[in-house]
J.: 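Have a look at this one before I ask anything.
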Amino acid sequence: MKTEKISGCQNIIKDPAFKKLLKKMPMLFLGFVLFAIGILLTLYADLGMGPWDVFHKGVSHHIPLTLGQVMQVTGVMLLVISYFLGEKPGLGSIFNMYFIGLFVDIIDGFGIFFTPENLLLQFIMLILGIQAIGWATYCYLRVQLGAGPRDGLMVGIVKHTNKPVWLIRGIIETTVLIIGYFLGGPVGIGTVIIALTIGFSVQLAFKIGGYNAKKVRHQNLVELLNELRRRKSSSSSSSEKTSYGG
């Protein structure tokens, strides 16, 4: 029995589809780390955070959870809502929900970030955070394993309402920003700058990295599992034929 389990694990590791998935992990996790760094840079710049992060930080003031944990809980809720709106999450979506929040708490725990006393340095810190988030978005979308929970919610609502993306995104982010503000989240000039420049930051990373969002189709979790199962069945059949022929 133990030999069979070892053999099964070896077959999975050797499977081309599994190898392809593993090769995507470094880029995916680089994106998550960059996202965490970008969020912390905007937090410690102390000029105001993006709408969702204003919400996360505001909520963290009122419950015994860290910023990263609030992000994780929010991500779970958004994935569930998105699923019922018809958006199946990818492996990247689930990892996004868990690991960005985890990395935010881990990196913040190192104590390497602090708010500069110079206003110019605060603005530089904010811009660096925006650029980090832009490249983070490129890294985790490039592997085509699913968008983040917040984008999944937006896409699901767009499909159900048939309203333009800019309108739905605007309504969602305005709503969470207002809630976050009243919960004590950090709103300021940085919030406006992030809202006006984050799209350009993402687009710049896409352009430099050669990523065309319109031509890319992400693989959801169901499709990924089906592909791995097909590969496994195919490998098992080939092994049986080889054994029989021997």
Side-chain angles (χ1 to χ4, degrees), residues 6 8-43 50 52-53 66-69 71-72 74-76 78-79 82 87-110 112-113 127-152 155 198-199 201-232 235:
I6 294 173
C9 290
Q10 289 176 338
N11 289 334
I12 291 174
I13 294 171
K14 292 178 181 178
D15 185 270
F18 187 73
K19 285 183 178 180
K20 181 181 176 183
L21 180 63
L22 283 182
K23 286 180 180 178
K24 293 181 176 183
M25 291 299 108
M27 181 62 71
L28 183 66
F29 277 83
L30 173 61
F32 296 158
V33 171
L34 284 175
F35 236 119
I37 291 172
I39 290 168
L40 289 171
L41 283 169
T42 62
L43 171 63
W52 276 107
D53 293 321
T66 63
L67 173 60
Q69 289 169 341
M71 292 171 65
Q72 291 172 333
T74 303
V76 171
L78 295 180
L79 283 178
S82 300
E87 291 302 303
K88 295 184 179 70
L91 182 64
S93 309
I94 295 171
F95 279 8
N96 178 304
M97 172 271 296
Y98 179 75
F99 284 104
I100 293 179
L102 177 66
F103 291 147
V104 163
D105 286 344
I106 290 175
I107 296 172
D108 193 27
F110 292 151
I112 57 177
F113 289 103
I127 297 302
L128 288 175
I130 293 170
Q131 290 299 315
I133 291 171
W135 279 101
T137 304
Y138 161 75
C139 288
Y140 92 80
L141 287 180
R142 179 184 168 183
V143 300
Q144 301 173 35
L145 290 174
R150 291 146 194 82
D151 288 331
V155 172
I198 193 68
S201 174
V202 172
Q203 191 59 43
L204 177 64
F206 282 5
K207 186 174 182 180
I208 294 174
Y211 178 84
N212 189 334
K214 294 181 180 179
K215 294 182 179 180
V216 171
R217 182 184 180 280
H218 285 261
Q219 187 178 44
N220 63 48
L221 193 57
V222 174
E223 293 168 339
L224 175 62
L225 291 174
N226 286 338
E227 180 182 357
L228 291 173
R229 283 170 184 163
R230 283 197 301 270
R231 296 278 189 177
K232 184 178 179 182
S235 298

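Count residues from 1 along the sequence.
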J.: At what distance, to the nearest 0.5 angstrom, does NZ of Lys24 lie from CG of Leu91?
T.: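 Between Lys24 NZ and Leu91 CG, I get 10.0 Å after rounding to 0.5 Å.
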J.: Does any N or O in the side chain of Ser93 come within less than 3.5 Å of the main-chain N or O of Ala147, such that one atom is a donor and the other an acceptor?
T.: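 Side chain of Ser93 to backbone of Ala147, a donor-acceptor pair under 3.5 Å: yes, one is there.
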J.: Nearest 0.5 Å please: distance from the CD1 atom of Ile198 over to the CD atom of Gln131.
T.: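 Taking CD1 in Ile198 and CD in Gln131, the distance rounds to 8.0 Å.
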J.: Passes side-chain contact (heavy atoms from CB on, under 4.5 Å), Phe103 versus Ile37? Steps please.
T.: CA-CA 8 Å; Phe103 291 147; Ile37 291 172; over 6 Å; no
J.: Is the distance between the ring centroids of Phe35 and Phe32 under 6.0 Å?
T.: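 No - the distance between ring centres of Phe35 and Phe32 does not fall below the 6.0 Å cut-off.
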J.: Using atom types as modelled and distance alone, determine if a side-chain donor or acceptor of Asn226 lies under 3.5 Å from a backbone N or O of Val222.
T.: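 Such a contact is found between Asn226 side chain and Val222 backbone.
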J.: Using side-chain heavy atoms (C-beta onward) and a distance below 4.5 Å, is Ile133 in contact with Leu41?
T.: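 SC-SC contact between Ile133 and Leu41 ruled out.
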J.: Any side-chain to backbone donor/acceptor pair from Asn220 onto Lys88? Under 3.5 Å, distance only.
T.: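 Side chain of Asn220 to backbone of Lys88, a donor-acceptor pair under 3.5 Å: no, none is there.
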J.: Roughly how far, to the nearest 0.5 Å, is the CG atom of Leu78 from the CE atom of Met97?
T.: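 Going from CE on Met97 over to CG on Leu78, the span is 10.5 Å.
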J.: Testing the basics here: between Gly75 and Pro149, what is the closest heavy-atom pair and its distance to 0.1 Å?
T.: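 Answer, listing the atom of Gly75 first, then Pro149: O-CB, 3.7 Å.
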J.: Would you say Thr137's side chain and Val202's backbone share a donor-acceptor pair under 3.5 angstrom?
T.: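 No, because the side chain of Thr137 does not come within donor-acceptor range (under 3.5 Å) of the backbone of Val202.
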J.: After noting the C-alpha distance and the side-chain angles of Thr66 and Val104, does the key distance pass the side-chain contact (heavy atoms from CB on, under 4.5 Å) rule?
T.: CA-CA 9 Å; Thr66 63; Val104 163; over 6 Å; no
J.: To the nearest 0.5 Å, what is the distance between CG (Leu145) and CG (Asn96)?
T.: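 It is 11.5 Å, given to the nearest 0.5 Å.
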J.: Please check: side-chain N/O of Tyr138 versus main-chain N/O of Gly209, any donor-acceptor pairing under 3.5 Å?
T.: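 Yes; at least one donor-acceptor contact below 3.5 Å.
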J.: Can you tell me if CZ on Arg142 sees more than 12 non-hydrogen neighbours from other groups inside 6.0 Å?
T.: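 No.
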J.: Could you go through Tyr140 and Phe95, starting from their C-alpha distance and side-chain angles, then the distance that decides it, and tell me whether this counts as side-chain contact (heavy atoms from CB on, under 4.5 Å)?
T.: CA-CA 10 Å; Tyr140 92 80; Phe95 279 8; over 6 Å; no
J.: Are there over 12 heavy-atom neighbours, none belonging to Phe29, within less than 6.0 Å of that residue's CZ?
T.: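 Count over threshold, so yes.
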J.: State the CD-OH distance between Gln203 and Tyr211, to the nearest 0.5 angstrom.
T.: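 The OH atom of Tyr211 is 11.0 Å from CD of Gln203, to the nearest 0.5 Å.
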J.: Could you point out which residue of Gln219, Met25, Met27 forms a side chain to side chain contact (heavy atoms under 4.5 Å, CB included) with Val143?
T.: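 Among Gln219, Met25, Met27, the one meeting side chain to side chain contact (heavy atoms under 4.5 Å, CB included) with Val143 is Met27.
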J.: Please determine whether side-chain contact (heavy atoms from CB on, under 4.5 Å) holds for the pair Asp108 and Leu67, giving the CA-CA distance in whole Å, both sets of side-chain angles, and the decisive distance to 0.1 Å.
T.: CA-CA 10 Å; Asp108 193 27; Leu67 173 60; over 6 Å; no
J.: Atom CD1 of Ile107 and atom CD1 of Ile39: how far apart are they, to the nearest 0.5 Å?
T.: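 Separation between the atoms: 9.5 Å.
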